[in-house]
Amino acid sequence: MKLPRDFFLRSDVVAVARELLGMVLVTHINGEITAGRITETEAYRAPDDRACHAFGNRRTERTEVMFWQGGHAYVYLCYGIHHLFNVVTGVEDEAHAVLIRALEPLEGVEVMRERRFQGKMKSDALLAHGPGALAQAMGLHTRLTGTNMLLPESPVWIEDRGLETREVLISPRIGVDYARECALWPWRFLTLGSRLLTIPSPKDF
DNA sequence: CAAACGATCGGCT
DNA sequence: GCCGATCGTTTGC
């Protein structure tokens with residue numbers, strides 16, 4: 001059920017990003033379980049990918065966990081506000097990661113609503129559509145960076161529940177215009193949710 | 001030590 | 001569609 005180490009150790013991070021569609025991200029944080037079916041991912045790969053924080057294999061305090069072996073969490077603060085959740089992949093010293101950008105809520109939906117909207121009434125389609133929103137809904141925070149998701153006591157992990165993945169849409173990655181030619185690489189993967197949540201809109205392309 | 005820069009979101013026009 | 005928020009990380013002086 002829980003994805004094994006070998007799934008994350010592979011060196012083809014683009015394939016891993018594609019295969020994470022349909023898998024279930026689960027968190028157990030502050031006594032609350034939340035879970036959702038992954039519907040959008042992006043691959044990031046050092047050393048050749050200019051959009052990757054570890055471009056050129058440069059090691060900094062922030063990006064050090066990207067060089068750890070596959071199965072760790074890499075969570076960083078974006079625009080001073082948003083906590084973006086990634087899964088580290090590859091063997092040790094391969095700085096590869098998959099950004100989880102959207103999911104379809106499956107469990108703990110009421111907890112997600114409270115974390116996201118604090119009681120205000122909004123559409124469930126906004127719960128976890130977008131990487132910042134997803135992290136907020138799932139209770140993911142930069143303090144979880146470096147967590148080994150393969151350990152039994154980890155507060156975050158990914159499961160294969162045998163859910164079917166339908167048609168997969170592919171596009172360039174979002175928000176990486178600064179990455180020159182790498183910005184055009186088709187390393188973003190999307191699929192539809194089974195309950196019409198997190199619907200890709202035309203502006204997503 | 002100063003300053004620029006985001007793998008985004010939500011409110012407003 | 002446009003724009004401001006907001007702050008840790010990184011780099012340059």
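Reckoned from all heavy atoms, side chains included, excluding hydrogens, waters and symmetry mates. Numbered from 1 within each chain, the chains take letters A, B, ... in sequence-line order.
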Where DNA chain B forms stems, i.e. three or more consecutive Watson-Crick or G-U pairs with both distances under 3.5 Å: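 So the stems come out as B:1-6 with C:7-12, B:8-12 with C:1-5.
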Chi angles and distances behind the salt bridge (Lys or Arg N to Asp or Glu O under 4.0 Å) call for A/E64, A/R58: CA-CA 9 Å; A/E64 181 62 28; A/R58 74 183 193 286; over 6 Å; no
Enclosure of A/E167 CD (heavy-atom neighbours >12, cutoff 6.0 Å):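 Atom CD in A/E167 is not packed in, count stays at 12 or less.
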To the nearest angstrom, how far is [X] atom [atom1] from [N] atom [atom2]?
X: A/R59; N: C/dT11; atom1: CZ; atom2: P; value: 15 Å
X: A/E64; N: C/dG8; atom1: CD; atom2: P; value: 21 Å
X: A/I174; N: B/dG6; atom1: CD1; atom2: P; value: 16 Å
X: A/L140; N: B/dT8; atom1: CG; atom2: P; value: 16 Å
X: A/R173; N: B/dT8; atom1: CZ; atom2: P; value: 11 Å
X: A/R62; N: B/dA7; atom1: CZ; atom2: P; value: 7 Å

Taking only side-chain nitrogens and oxygens of [X], does any of them come within less than 4.0 Å of OP1 or OP2 of [N]?
X: A/R101; N: B/dA7; result: no
X: A/H53; N: B/dA7; result: yes
X: A/R50; N: B/dA7; result: no
X: A/R58; N: C/dT9; result: no

Working for side chain to side chain donor-acceptor pair (under 3.5 Å), residues A/R5 and A/Q69: CA-CA 9 Å; A/R5 181 178 308 271; A/Q69 95 174 180; 2.4 Å; yes
Side-chain ion pair, A/E32 and A/R113, N-O less than 4.0 Å: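 Looking at A/R113 together with A/E32, the answer is no, because their closest N to O distance does not fall below 4.0 Å.
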Cation-aromatic face contact A/R62/A/Y76, 6.0 Å, 45 degrees: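 Output yes; distance and angle both within limits.
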Any residue of residues 75-84 of chain A with a heavy atom less than 4.0 Å from an atom of DNA chain C: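 Heavy-atom contacts with DNA chain C come from A/L77, A/Y79, A/G80, A/I81.
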Side chain to side chain donor-acceptor pair (under 3.5 Å) contacts in which one or both residues fall within residues 7-24 of chain A, not counting sequence neighbours: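 Non-adjacent pairs meeting side chain to side chain donor-acceptor pair (under 3.5 Å): A/R10-A/E19, A/S11-A/E94.
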Upstream residue (5' side of DNA chain B) when A/A51 and A/K122 are each assigned their closest nucleotide: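 The residue mapped nearer the 5' terminus is A/A51.
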